[in-house]
S.K.: 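Got a structure for you, written out below as structure tokens; questions coming shortly.
Both ligands and their constituent atoms are indexed starting at 1 by order of listing. These values consider heavy atoms only, across backbone and side chains, with no hydrogens, waters or symmetry-generated copies.
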Amino acid sequence: MRIIVDADPGIDDALALYYLRAHPDTEIVAIGTVHGNVPVEQSTANALRLTERLGIKAPVAKGAARPLAQPLMTAEDVHGEDGLGGHAGDDPTTTHTNESAAEQLARLARANPGELNLLAIGPLTNVALALQIEPHLPRLLDKVVVMGGALNVPGNITSYAEANFWHDPEAADLVLQAGFEDLTIVGLDVTMASHAPGEWLEALPETNYARQILGFYADFYGSFLGRTGFVPHDPLAAAILLDPDLATYREDRFAIELTGRYTRGALVADQRFLAEGSPFGRDIAIERTKARYAVTAQHEIFLDQLRHAVTQP
Ligand code: BDR
Ligand code: CA
């Protein structure tokens, strides 16, 4: 499977790269970076650092520095000032390419119609911009897996919104209405339930880099969940891209709430049981292509795979 990764590394973004690297039949074709967990300068430097550390031979293109329609907001409280829990380390020795992440995505999709898959694990600004450059993007990509949303569970960054969608609600809504035919959304309904306990972390050698960066992230989760361990959002999305059978899904049409005072950035679906011919109209335009939203995942299998991925040399 050939994959373009769009990410805001980010501690769990780093884990997603570990996860993909551990699968020999998987090729990371390119990486695009975006604002989100940290400003894009930092997420780009981190993506370069991670490709160097993990031996991933993929170009890194720097993406959007801010959301489409709101000020930049970042999440250093979750990922640390450097985005890697205080362990980013030295400056990268490699540099990002000259095109933007959106240009890279549009160009690669055009050059390889139907062959590339997209794993988007940050705010969706770059994907929305790529749709402006190449309106046929939904037909040119094969599978698209997005980490975002909280459908039937509370949000994380606000009581209704999940962080990736909340960091750029307009971009997320553009992506959901763009007509991607094979679109899977991996949200908090499954990622929170995949919580890795403290013992998972403690079983890793102290010198293990994944364990080191996860310390800050686990402290953050521990501070409000009342238990040790961490939530592996982005690597679960990577796992579901490689193996869709790892999850079960609700198929529906989705939108992002753009105007709610308390609910801006929330993922919504019309979940009423409306029989054919019902007098009630659908709240979400039926023109929107259906997407799959993950509702259950095989957490134990996934966490074993993740342990294997982060301990590979
Ligand atoms: C998402 O937000 C970021 O903090 C994580 O990297 C993940 O992509 C989880 O809500
Ligand atoms: Ca992320």
S.K.: Relative to the Ca ion (ligand 2), which of the N, O or S atoms in Asp234 is the closest?
M.R.: OD2

S.K.: If you measure only the distance, is there a donor-acceptor pair under 3.5 Å linking the side chains of Glu276 and Ser278?
M.R.: no

S.K.: Distance under 4.0 Å to a non-hydrogen atom of Ala163: what atoms of ligand 1 satisfy this?
M.R.: 2 (O), 10 (O)

S.K.: Side-chain heavy atoms nearer than 4.5 Å, only ILVMFWY residues, links allowed to pass through others: does that put Tyr217 and Val38 together?
M.R.: no

S.K.: Is Ile121 close enough to the Ca ion (ligand 2) that one of its N, O or S atoms comes in under 3.0 Å?
M.R.: yes

S.K.: Give me the one residue out of Asp90, Asp91, Asp82 that meets salt bridge (Lys or Arg N to Asp or Glu O under 4.0 Å) with Arg49.
M.R.: Asp91

S.K.: Mark yes or no for whether Arg264, through its side chain, and Leu258, through its backbone, hold a donor-acceptor pair below 3.5 Å.
M.R.: yes

S.K.: Do ligand 1 and Leu188 have nitrogen or oxygen atoms that lie under 3.5 Å from each other?
M.R.: no

S.K.: Hey, does His233 come in under 3.5 Å of ligand 1, counting only N/O atoms on both sides?
M.R.: no

S.K.: Atom CZ in Arg21, atom NZ in Lys57: separation rounded to 0.5 Å?
M.R.: 11.0 Å

S.K.: Could you tell me if any non-hydrogen atom of His167 lies under 4.0 Å from any atom of ligand 1?
M.R.: no

S.K.: Which heavy atom of Leu137 sits nearest a heavy atom of Ala106, and at what distance?
M.R.: CD1-CA, 4.5 Å

S.K.: Measure the distance from atom 9 (C) of ligand 1 to every protein heavy atom, then report the residue, atom name and distance (to 0.1 Å) of the closest one.
M.R.: Glu162 OE2, 3.2 Å

S.K.: Could you see which bit of Ile157 sits under 4.0 Å from ligand 1, with heavy atoms only: side chain, backbone, both or neither?
M.R.: neither

S.K.: Applying side-chain hydrogen bond (donor to acceptor under 3.5 Å, both in side chains) to His96 and Thr33, what does each step give before you reach the verdict?
M.R.: CA-CA 10 Å; His96 62 80; Thr33 61; over 6 Å; no

S.K.: What is the closest protein heavy atom to atom 6 (O) of ligand 1, and at what distance does it sit?
M.R.: Asp12 OD1, 2.5 Å

S.K.: List ligand 1 atoms under 4.0 Å from Asn156, heavy atoms only on the residue side.
M.R.: 9 (C), 10 (O)

S.K.: Can you tell me the protein heavy atom closest to atom 3 (C) of ligand 1 and the distance?
M.R.: Asn37 OD1, 3.1 Å

S.K.: Would Val78 count as a contact residue for ligand 1, given that I'm defining contact as a non-hydrogen atom of the residue lying under 4.0 Å from a ligand atom?
M.R.: no

S.K.: Salt bridge or not for Asp182 and Arg292, using N-O below 4.0 Å?
M.R.: yes

S.K.: Give the numbers and elements of all ligand 1 atoms closer than 4.0 Å to a heavy atom of Asp234.
M.R.: 5 (C), 6 (O), 7 (C), 8 (O)

S.K.: Closest N/O/S atom of Asp8 to the Ca ion (ligand 2), by atom name?
M.R.: OD1

S.K.: Between Glu41 and Lys62, does any NZ, NE, NH1 or NH2 come within less than 4.0 Å of an OD or OE carboxylate oxygen?
M.R.: yes

S.K.: For the side chain of His79 and the backbone of Gly10, is there at least one donor-acceptor N/O pair under 3.5 Å apart?
M.R.: no

S.K.: Any N/O/S atom, backbone or side chain, of Asp13 lying under 3.0 Å from the Ca ion (ligand 2)?
M.R.: yes

S.K.: Suppose we measure from atom 2 (O) of ligand 1 to each protein heavy atom; which comes out shortest, and what is that distance?
M.R.: Asn164 OD1, 3.4 Å

